[in-house]
Structure formats: structure tokens, C-alpha cells
Amino acid sequence: MKKRTWRAVFAVLVCAVMLMCGACGGDAQDSKKQGDAAEEVTNTPDDGNNADSSGADSGEDIVGGGSDEGGDIADGSGTDAGENTANDGSPEGNDSTDITALKEQMGFHVEGRALLDANGNPFVMRGVNHAHTWFADELGTALKAIQETGSNAVRIVLSDGGQWTKTDAQAVADILAICKNLGMVAILEVHDATGYNDVDSLLQAAEYFVEIKDVLIGTEDTCIINIANEWGGDWNSGRWREGYTQAIPMLREAGLAHTIMVDSCGWGQYGKCIGDYGREVFEADVLGNTMFSVHMYGTAGGTEKSIDDNIGYALDQDLCLVIGEFGYNHSDGDVLEDYIMARCVELEVGYLAWSWKGNGGGVEYLDLALDWNGARLSEDWGEIVINGPNGIRETAEPCTVFTAADQD
């Protein structure tokens, strides 16, 4: 995957300087052509507040394994979300934000660990990811096939134009309409900031949703906004907090009342950032309508302990969590997919498998389907996720927003 030219040049210069100082780590390599979801992570730092980038071998085309392209943010100290709270602990919000109106506008909303739908009923995601940005022509075929698996949700890859062709507002409107007609909740994510460490790239993803807000407002009961896929390639909890305590208010000030989903840093696999600062990120949302996501490959999902730890970072703080991506194997190790699904069922945590079809660069094995229409599922992955114990067919429940509409 190629970054913008100026970013690549800057990253090379930064890495060169860091190598001279003996401080540059993480030999990144391109492990996926389309859709980066599964990263090879080689050396996990002991402390997620580390400011260097030595922890994540991303699997992306990143020079220096995640150098800070956005500037001198070394100590992780940034916006303290507590500064955006009133004396009673509730977020103040911007003077221009009509909090009362936004609350009335909400559909999906978070209550402790639970995601509730517009009818006030718990909704647990069971679905897959779809790499729309690189396969826009397959949208109708893929979504219909995904719906036929019993999936109640689908996470859709979009682009803000930073790396790939920008997904325009009309295309997003079409995606939302198809998902609604099929009775699936749409989770929209911008993929361009994947693995980037500069806050500006995250804010650009947030600004994208602001730009297309006219097609989003009114879909709060069927759509969730996952601001940026795997923003934060390093394992820096402080920078993660700094970025999201700025990005979340942007959406609220623009009048977007959707549930917001926030990926962990460390290419999505460092759930400890939620343990470190998840509560502060949550409190940066004037609506208290933010949930969190951990992606599980060989690092976060390789052992029962790592799975339990990464789930616990959120749930132990009474925060809402979903496993936004997971595989069954990857270059950073084997994944205990059966245990992930079983624990998610036991704890009523959602999961979204990566990905329907279109993986490349040596990780084609992560394709759930061998055909866009789902005629054949991959035996080692698709059959397990969709038809196996604790799989989608066995555990998915439709959102009551759709079932209630069917009964009317």
C-alpha cells in the first residue's frame, strides 16, 4: 500500500535520522496488497506509553515501522480529556453543540458495556468486514452474500482520499441504503490513516465524516461511525488519547449523534491503550456514546491470556467493546479464533471477522469467501466463522430496528 509521496519522503528522512541515532525500530514489510487488516507484530513494548515505534511491524508499506510523521510528539502527553469536562464530571462540549438535540437524535447508544439499539434493546454484532474501497463494483453482490450468512452487521472500508480514491457522499448513501434494505447494521471506517501516528491523519478521517454528514444524519439507528481503521501504528497510549479526544468532538460539533467506534492503537492490537486512557476518551464525547474496538491477530489473539486481557481492558472499566477484526492465522502467529468467538458469546461482546474477499500480498487465506457471491466459503476460515460453533449463523440476532419494521 502506498502512502502519499510527501509522507513517504518525510518518513524516509525521519527514519534515516533515527537510524543514525540507533533509535529506529520495526522493519515493516508489505504483507497485504488490498485491505490491510492483519499486521505482523514482532516486538511488543512492555509499556504502551512508549513513544518510539519499535513495537509494531505493520505489514504496511511504512518506512521505519511507524515513525511519527506528524511532528514531535514523543512523550505521549497531549490533550487531557478531563479538561473538557464540567465540575460535575460531564463533558461540556462546544458552545455551538446542542447536546439536547443530539441526544434526541441518537439511535444506537452505549450504556455501560452494552450497545443498545434505537428501541433500547441490546445489540451484539456478529458479522464480517468488506473491503469496499478496492472492490466497489462488487458492493451489491458482496453485501447480499454477507446478509445470507446471517450477519447482522458489516464493517465497510471507505477512503477519505488520502491514499485511495475518495468514497464520495453518494456512494456512502448507496451503501447505507443497501445495508438497511438487507437488515444489516453498517459500520463505516476510513482506512487511509491505518498505521499512521500523526494526529493530523486521524483528524482528516474525522473531517471526512463531517464532509458527508448530510447523508449520515438520519441514519443513527442503522449506522455506526468507526472514525479510522487502526490509527496509531506504534504502541503509544498517550498519543492515542490525544488524537481521539480531538477527533470525537469534531463529529459532535458537526451534528453527528451516531455511536462512535474507536480502534486500539498498535495496529488495532494494543487493547491496553483502552485500559490506560479509554475512560478519558469516552468522556471526551459529550453524548457518552463511544465504544471501543480491538483487532485480534497473532499478537492480541494468540493466547487465551492475551485475548482475555485485551477484552478485559474495556469491560473492566464498564466500557463497550467489539472485536472489530480477527483472523485465524497471520504472520505474527496463530490465532485462537475458536476461543475468541466463544469468549465473545459468553461475554456478549460483538465480533466482525476479516474479511469477506479480496485479500492479497500473501494473506489470501483471510478470505472468508472464495467467490463474491458466497457460493464457496474457505474451509479453514469462512466455514468456521459462519457455520462453526459460536459462529454467525448460530449466534447472530437481527437488530430489532429491522425486525420491528418488518412487523409494522
Under 3.5 Å, is there a donor-acceptor pair linking the side chains of S355 and N359?
yes
Taking all non-hydrogen atoms of both residues into account, name the closest pair between G112 and V110 and its distance.
O-CG1, 3.4 Å
With a sphere of 6.0 Å drawn around CD of E348, does it hold more than 12 non-hydrogen atoms of other residues, nucleotides or ligands?
no
Going by atom types only, do N390 and T395 share a side-chain donor-acceptor pair under 3.5 Å?
no
Tell me whether T222 contacts the main-chain N or O of V185 through its side chain, where contact means a donor paired with an acceptor under 3.5 Å.
no
Can any side-chain N or O of D160 pair as donor or acceptor with the backbone N or O of Y208 at less than 3.5 Å?
no
Heavy-atom neighbours of E394 CD exceed 12 at 6.0 Å:
yes
Do you see a donor-acceptor pair shorter than 3.5 Å between the side chains of D174 and Q170?
yes
Exam field: side chain N152 to backbone V124, donor-acceptor pair closer than 3.5 Å:
yes
Ion pair check, E346 and R343, cut-off under 4.0 Å:
yes
Is a side-chain N or O of H109 found less than 3.5 angstrom from the main chain of G107, in a donor-acceptor match?
yes
Using the six-membered ring wherever Trp is involved, compare the ring planes of F326 and Y351 and label them parallel, tilted or perpendicular (cut-offs 30° and 60°).
perpendicular
Is there a donor-acceptor pair under 3.5 Å between the side chain of W356 and the backbone N or O of H130?
no
Taking 4.0 angstrom as the limit, do R155 and D263 come out as a salt bridge?
yes
Could you check whether W231 and Y244 have their ring centres less than 6.0 Å apart?
yes
Hey, is the main chain of G255 close enough, under 3.5 Å, to the side chain of Q105 for a donor-acceptor pair?
yes
Look at the aromatic rings of Y328 and Y365 and report parallel, tilted or perpendicular, splitting at 30° and 60°.
perpendicular
Under a 3.5 Å distance rule, please check whether S293 uses its side chain to pair with a backbone N or O of I323 as donor and acceptor.
no
In terms of the angle between their ring planes, are F108 and F123 parallel, tilted or perpendicular, with boundaries placed at 30° and 60°?
tilted
Scan for salt bridge (charged side-chain N to carboxylate O under 4.0 Å, His left out) pairs involving residues 203-224, sequence neighbours excluded, and state none if there are none.
K166-E211
Any donor-acceptor N/O pair, H258 side chain to L216 backbone, under 3.5 Å
yes
With no hydrogens and no angle check, is any side-chain donor or acceptor of N229 less than 3.5 Å from a backbone partner on H191?
no
Check whether T299 reaches the backbone of Q269 with its side chain - one donor and one acceptor, N or O, closer than 3.5 Å.
no
If you draw a 6.0 Å radius around CD in E148, do more than 12 non-hydrogen atoms from other residues or ligands fall strictly inside?
yes
Is there a donor in the side chain of D285 and an acceptor in the side chain of T290, or the other way round, less than 3.5 Å apart?
yes
Begin with the C-alpha distance, continue with both residues' side-chain angles, and end with the deciding distance and a verdict on side chain to side chain donor-acceptor pair (under 3.5 Å) for T303 and S306.
CA-CA 5 Å; T303 67; S306 64; 3.0 Å; yes
Assess the pair W354 and Y297: is the distance between their ring centroids shorter than 6.0 Å?
no
